[in-house]
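A short write-up of the structure that comes next.
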There are 2 protein chains.
Amino acid sequence: MFKKVLVAEDIDSINEGLIAILKKTFNFDVHHAKYCDNAYLKIRKAQQDGRPYDLLITDLSFKQDHHTNTLNSGDELVAKLREQNIPMKVIIYSIEDRPEKIRTFFKRLNINSYICKGRNSTKEMVRAIKMLTETDQYVSAELQQTLRAAPVMEIEEYDILLINELANGNAQDEIAFLFKKQGIRPASKSSIEKRINRLKNYFKAKNTAHLVSIVKDMGLL
Amino acid sequence: MFKKVLVAEDIDSINEGLIAILKKTFNFDVHHAKYCDNAYLKIRKAQQDGRPYDLLITDLSFKQDHHTNTLNSGDELVAKLREQNIPMKVIIYSIEDRPEKIRTFFKRLNINSYICKGRNSTKEMVRAIKMLTETDQYVSAELQQTLRAAPVMEIEEYDILLINELANGNAQDEIAFLFKKQGIRPASKSSIEKRINRLKNYFKAKNTAHLVSIVKDMGLL
DNA sequence: CAATTCCTTACGGAAATCCGTAATAGAAAA
DNA sequence: TTTTCTATTACGGATTTCCGTAAGGAATTG
């Protein structure tokens, strides 16, 4: 069972609600941080003091305010922890429910569980924590299904870069120029045209504006 | 002072955190609803029973699930209440912090207060509730500033409709046709062209895709 | 009732995109 | 090295958007 737990979450009502439940249900030493930077520092310090955290529960998006932070989101925080091989289990607790996004967190950040904020999320959280004392990874049946359901599309980094340039208002000529300068490989206007066409076809977009709109709605941008 | 309060919020941790604070701070009879439809029904029933709610605290976005709802967001809920002249004060409590959005809630829904979910939002909430027992409207100094800061643009309903059609991938010809059919007034391709141009100029957009992207990011769409 | 003004519509050339075809380069296989 | 295959690039015509100018229409004003 975990002993020392850190909750990284900026919204106070969630913070307080969640911590109350954790304390009531488990016998944790629960701390919390309202900023990612602050969370990172606490984790580092705890480790150096020989009393490391066993578990991090973190939100994804944190509001910007007058504080200037180097880490601006939960995934950046986790990435940094993983990079530095700080050994602790991680649960992401967020409103984000798009499978494309969630899949990348398991894949790239090797998180141990993901809980969608929702109508039964505290119960889910309790279950996940209990499971993680035994296994290394926990995905609820419901989440498993949504992750399975969405067909893995063959959209690459390149496509996202491309659509991003379109969303920034660059013409195909300009994108070709930019890509050549940056050494991004298919860089000719012709290839870019072709790729945009493929994407429009894939997303059933009638034109460029439509494509940008669709991809933005999906949260890929 | 209020007596009977309804909290409409789907995320359980927020729900529980907020309600705990309301009960601790005030002496309210606090109820809660996890769906907009459910909230509406409770409000109607309470009114018919002669024990109406004095105050509604509602989130904006609610997650979709297997339940089929007629009301899908907090603003729709409030709109319906206002439409039917159900007398109660309303506080919207949401993560949404874009001034364009918040302004419309005060303007169109005549809400009594707006609290951004954030690092000090429960304190803000308590203050707002206290203020609303005396005055009809409460806007925190901080929020006032952000609302003032953004220059009120002369963007009309028509412009939003137009950009929406662009985001849906309709060509200028098609939009002209649609607008003619729906009796939306400047409907000629020429006028539409001109209007799009004005918008691109206003938002400093290089082309249509850019325009859609900007407006989507601002939350006007 | 004519004049002015503002808004809508019409038109046309320049630019960008759309879309298919063909040439070329680069890598893998023989 | 040659062959084969695939990915990239080049090109050209059809379509759409872009952008300025001008005509038409309705409301306002003198």
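Per chain, numbering begins at 1; letters A, B, ... match sequence-line order. In this text the structure is predicted, and so the values were computed from the model without any measurement.
- Note: CG (A:L162) to C1' (D:dT8) measures 15 Å, nearest angstrom.
- The CD1-C1' distance, from A:I184 to D:dT8, rounds to 16 Å in whole Å.
- In this structure, OH of B:Y158 is placed 8 Å from P of C:dT8, rounded to the nearest angstrom.
- Among the heavy atoms of the strands, none lies under 4.0 Å from A:K206.
- One interatomic measurement links the two molecules: NZ of A:K200 to C1' of D:dT15, which rounds to 12 Å at whole-angstrom precision.
- Test B:E96, B:E9, B:E124 against B:K117 for salt bridge (Lys or Arg N to Asp or Glu O under 4.0 Å) and you get one pass: B:E9.
- The side chain of B:P186 lies closest to C:dT9 when the candidates are C:dT9, D:dT17, C:dC19.
- Listed nucleotides D:dT16, D:dC18, D:dC19 differ in distance to B:Q172; the shortest reach to its side chain belongs to D:dC18.
- The shortest distance between the side-chain N/O atoms of B:K194 and the OP1/OP2 oxygens of D:dC18 is not below 4.0 Å.
- With B:D37 contributing its side chain and B:L71 its backbone, the two residues share a donor-acceptor pair below 3.5 Å.
- Atom CD1 of residue A:I163 and atom CG of residue A:N168 lie 12.0 Å apart, to the nearest 0.5 angstrom.
- Regarding B:R195, its CZ atom lies at a distance of 17 Å from the P atom of D:dC18, rounded to whole Å.
- Distances shorter than 4.0 Å separate none of the side-chain N or O atoms of A:K189 from OP1 or OP2 on D:dT8.
- Taking every side-chain heavy atom of A:E193 into account, C:dC18 is the closest of D:dA10, D:dT17, C:dC18.
- In this entry the distance linking CD1 of B:I196 with P of D:dC18 reads 7 Å, nearest Å.
- For the OP1/OP2 pair of D:dT8 and a distance below 4.0 Å, the side-chain nitrogens and oxygens of A:S188 include no atom meeting the criterion.
- Among the atoms of the strands shown, none is found under 4.0 Å from any heavy atom of A:N207.
- Residue B:T208 places at least one side-chain N or O closer than 4.0 Å to OP1 or OP2 of D:dC18.
- For the pair B:E83 and B:K80, the salt-bridge criterion is not met [side-chain N within less than 4.0 Å of a carboxylate O].
- Across C:dT8, D:dT17, C:dA10, the shortest atom-to-atom separation from the side chain of B:S191 is found for C:dT8.
- Between the CG atom of B:N197 and the P atom of C:dA15 there is a distance of 16 Å, given to the nearest Å.
- A donor-acceptor contact under 3.5 angstrom links the side chains of B:S13 and A:Y93, judged on distance only.
- Taking atom CZ on A:F179 and atom P on D:dT8, their separation rounds to 12 Å, with Å as the unit.
- Take the nearest nucleotide of DNA chain C for A:D173 and for B:K180: the residue whose nucleotide is more 5' is B:K180.
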